[in-house]
Every structure is written in C-alpha cells, then in structure tokens.
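Heads up: numbering here begins at 1 and tracks the sequence.
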Amino acid sequence: MLEIREGRAADIPALIEIFWRGVHEGAAPCYDDAARAAWLPARPDAGAFAERLADQTVRVAERDGVPVGFMTLRGDGYLDLAFVAPDERGQGTADALLAVLENGARAAGHTRLTARASDMARPFLARLGWTVIAPAPQVRDGVTIRATDMVRDLGQGTASRAA
C-alpha cells in the first residue's frame, strides 16, 4: 500500500538513493551518460542534502514501509526535487506525490507553482496541468542538460484529485 507522508530526517539516506537512481537510471531514456554524470556527478553528502531540504516542504511516498519517491517544494512555490525510484514508475506514485504537494500549496495560499523540469519530468507535469514557459538548458562541466521552465496555475484544475 502506498502512503504519502511528511519527510523526516531519518529519510535522508533513502532520498539520496532515490535521487541518485532517478538521475542515473531513470533518466537514461532522455539523457546520455555525459549529461547524467554532469547533472549529478556524485551522491550528495547527507548533511548537505539535509540542509538543502531543511526549509522545504518534503513529501515522501512509502510503499510497505520503504521510501519509493519524494517531492520537495520551496517556500516560494518552486518544485525543487521530484523523483520516484525507477522500479516504482507507472504505479501512480508520482501522481499521488504531486497531488498532495499541490493541495498543500493551495492550502498554504499559493496560487501558482514553478519548476525547472527535466525531459523526463516535462511530459508528466504537462499531463497534470503544468504549462511550458520556456526552454531552460543548464550547462555543467561543459555539458548541456536539457530542461524546461514550467508553471502550474493552482486556481485551475483538479484540487480534489488526491488528498
């Protein structure tokens, strides 16, 4: 059974592993080895990752007590991280995470969210009502990583699709 809950400090190692696998395995259909290595050259340090998430809303998807995905939202309405373990794809996990995050953002008074979406995330976000603002390629270590800036108007759409 899938549960969406608040992130906890004890989740950090599992979230790092989901992040790592999401980039290095899950993004392989859209990004070559060089792009994935430039995107995330090493697993993040647990302390630095915890610090990055400290002031964000963190939601964790857990299946049978094991974290299988997570999404984070900064206070300014920016969807910072959105990752699901590659073997969890196609089970509604990302949909459920995003619905909970969006509903929480609405409750907190946000009227729109923004994201810089990877080529993997762009179709997912578009399917759920996000729209493209502009291409936003990133250059890291001389390698271009394709991305797209997107926005979600929370005044429209499906506020009740999940809670």
Side-chain angles (χ1 to χ4, degrees), residues 1-27 29-31 39-40 43-44 46-133 136 147-163:
M1 183 164 146
L2 185 70
E3 176 188 352
I4 307 297
R5 61 167 174 77
E6 288 186 38
R8 302 185 283 252
D11 294 324
I12 294 298
L15 302 187
I16 289 170
E17 187 63 19
I18 292 166
F19 183 30
W20 176 263
R21 289 188 62 215
V23 171
H24 287 276
E25 296 172 34
C30 292
Y31 297 94
W39 180 352
L40 189 61
R43 281 180 173 79
F49 200 68
E51 187 175 316
R52 175 178 181 174
L53 301 183
D55 63 347
Q56 297 192 46
T57 298
V58 179
R59 295 294 175 257
V60 174
E62 202 174 68
R63 188 174 300 283
D64 301 321
V66 177
V68 294
F70 72 103
M71 291 188 186
T72 71
L73 188 70
R74 293 189 329 209
D76 62 358
Y78 181 80
L79 180 64
D80 185 27
L81 297 168
F83 288 90
V84 171
D87 50 339
E88 187 69 16
R89 289 206 176 130
Q91 298 187 51
T93 303
D95 294 61
L97 275 165
L98 187 60
V100 168
L101 212 58
E102 285 183 359
N103 287 338
R106 277 186 191 88
H110 288 282
T111 58
R112 69 185 251 151
L113 302 179
T114 60
R116 177 155 292 152
S118 69
D119 284 2
M120 289 296 295
R122 187 180 62 243
F124 162 72
L125 292 174
R127 178 174 59 80
L128 295 175
W130 290 67
T131 56
V132 169
I133 297 171
T148 304
D149 284 343
M150 299 183 77
V151 64
R152 170 79 162 117
D153 179 356
L154 295 179
Q156 304 173 355
T158 55
S160 63
R161 69 187 146 106

Practice problem: Begin from the C-alpha positions of Leu154 and Glu102 and carry the test side-chain contact (heavy atoms from CB on, under 4.5 Å) through to its verdict. | Solution: CA-CA 8 Å; Leu154 295 179; Glu102 285 183 359; 4.2 Å; yes

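- Residues passing the side chain to side chain donor-acceptor pair (under 3.5 Å) test with Thr72 are Gln56, sequence neighbours excluded.
- Side-chain contact between Asp149 and Thr114 is absent, with no heavy-atom pair separated by less than 4.5 Å.
- Residues satisfying the ring pair (Phe, Tyr, Trp, His ring centres under 6.0 Å) test with Phe49, not counting sequence neighbours, are Phe19.
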Exercise. Show your working on side-chain contact (heavy atoms from CB on, under 4.5 Å) between Leu98 and Val100 and close with a plain yes or no.
Key: CA-CA 5 Å; Leu98 187 60; Val100 168; over 6 Å; no

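- Here salt bridge (Lys or Arg N to Asp or Glu O under 4.0 Å) pairs that include residues 49-61, with residues two or more places apart or in two chains, are Arg52-Asp80.
- Here the straight-line distance linking atom CG of Leu125 with atom CG of Leu79 works out to 6.5 Å at 0.5 Å rounding.
- Looking at Asp153 and Leu113, their side chains never come closer than 4.5 Å, going by heavy atoms from C-beta outward.
- When all heavy atoms are compared, the tightest approach of Ala94 to Val84 is CB-CG2, 3.8 Å.
- For the pair Cys30 and Met120, the tightest heavy-atom approach, listed with the atom from each and the gap, is SG-SD, 3.3 Å.
- Under the rule for a side chain to side chain donor-acceptor pair (under 3.5 Å), the partners of Glu25 that lie at least two apart in sequence or sit in another chain are Arg21.
- Residue pairs meeting the salt bridge (Lys or Arg N to Asp or Glu O under 4.0 Å) criterion with at least one member in residues 122-132, sequence neighbours excluded: Asp95-Arg127, Asp119-Arg122.
- Met1 approaches Asp64 most closely through the heavy-atom pair N-OD1, 3.2 Å.
- Atom CD of Glu6 has 12 or fewer neighbouring heavy atoms from other residues, nucleotides or ligands inside a 6.0 Å radius.
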Just distance, no hydrogens or angles: give the donor-acceptor pairs under 3.5 Å from side chains in residues 9-18, sequence neighbours left out.
| residue | atom | partner | partner atom | Å |
| --- | --- | --- | --- | --- |
| Asp11 | OD1 | Arg5 | NH2 | 2.8 |
| Asp11 | OD2 | Arg5 | NH1 | 2.8 |
| Asp11 | OD2 | Arg5 | NH2 | 3.4 |
| Asp11 | OD2 | Arg8 | N | 2.7 |
| Glu17 | OE1 | Arg43 | NE | 3.0 |
| Glu17 | OE1 | Arg43 | NH2 | 3.3 |
| Glu17 | OE2 | Arg43 | NH2 | 3.4 |

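- Considering only heavy atoms from C-beta on, Tyr31 stays 4.5 Å or farther from His24 through its side chain.
- Not a single donor-acceptor pair under 3.5 Å links the side chain of Arg116 to the backbone N or O of Tyr78.
- Between atom CD1 of residue Ile4 and atom CE of residue Met71 there is a gap of 8.5 Å, rounded to the nearest 0.5 Å.
- Closest of all the heavy-atom pairs between Met150 and Ala117 is SD-CB, 3.7 Å.
- Scanning both residues, Ala27 and Trp39, for their nearest heavy atoms gives CB-CZ3, 3.8 Å.
- Here the shortest heavy-atom pairing between Val60 and Leu97 reads C-CD2, 3.9 Å.
- Taken from CZ in Arg152 to OG1 in Thr111, the straight-line distance is 12.0 Å, to the nearest 0.5 Å.
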Quiz item: Do Val68 and Thr93 pass the side-chain contact (heavy atoms from CB on, under 4.5 Å) test, and can you show the C-alpha distance, the side-chain angles, and the key distance before you say yes or no?
Solution: CA-CA 8 Å; Val68 294; Thr93 303; 4.1 Å; yes

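- When side chains are defined from C-beta on, Phe70 counts as touching Leu81, because their heavy atoms get closer than 4.5 Å.
- When side chains are defined from C-beta on, Arg63 counts as touching Glu88, because their heavy atoms get closer than 4.5 Å.
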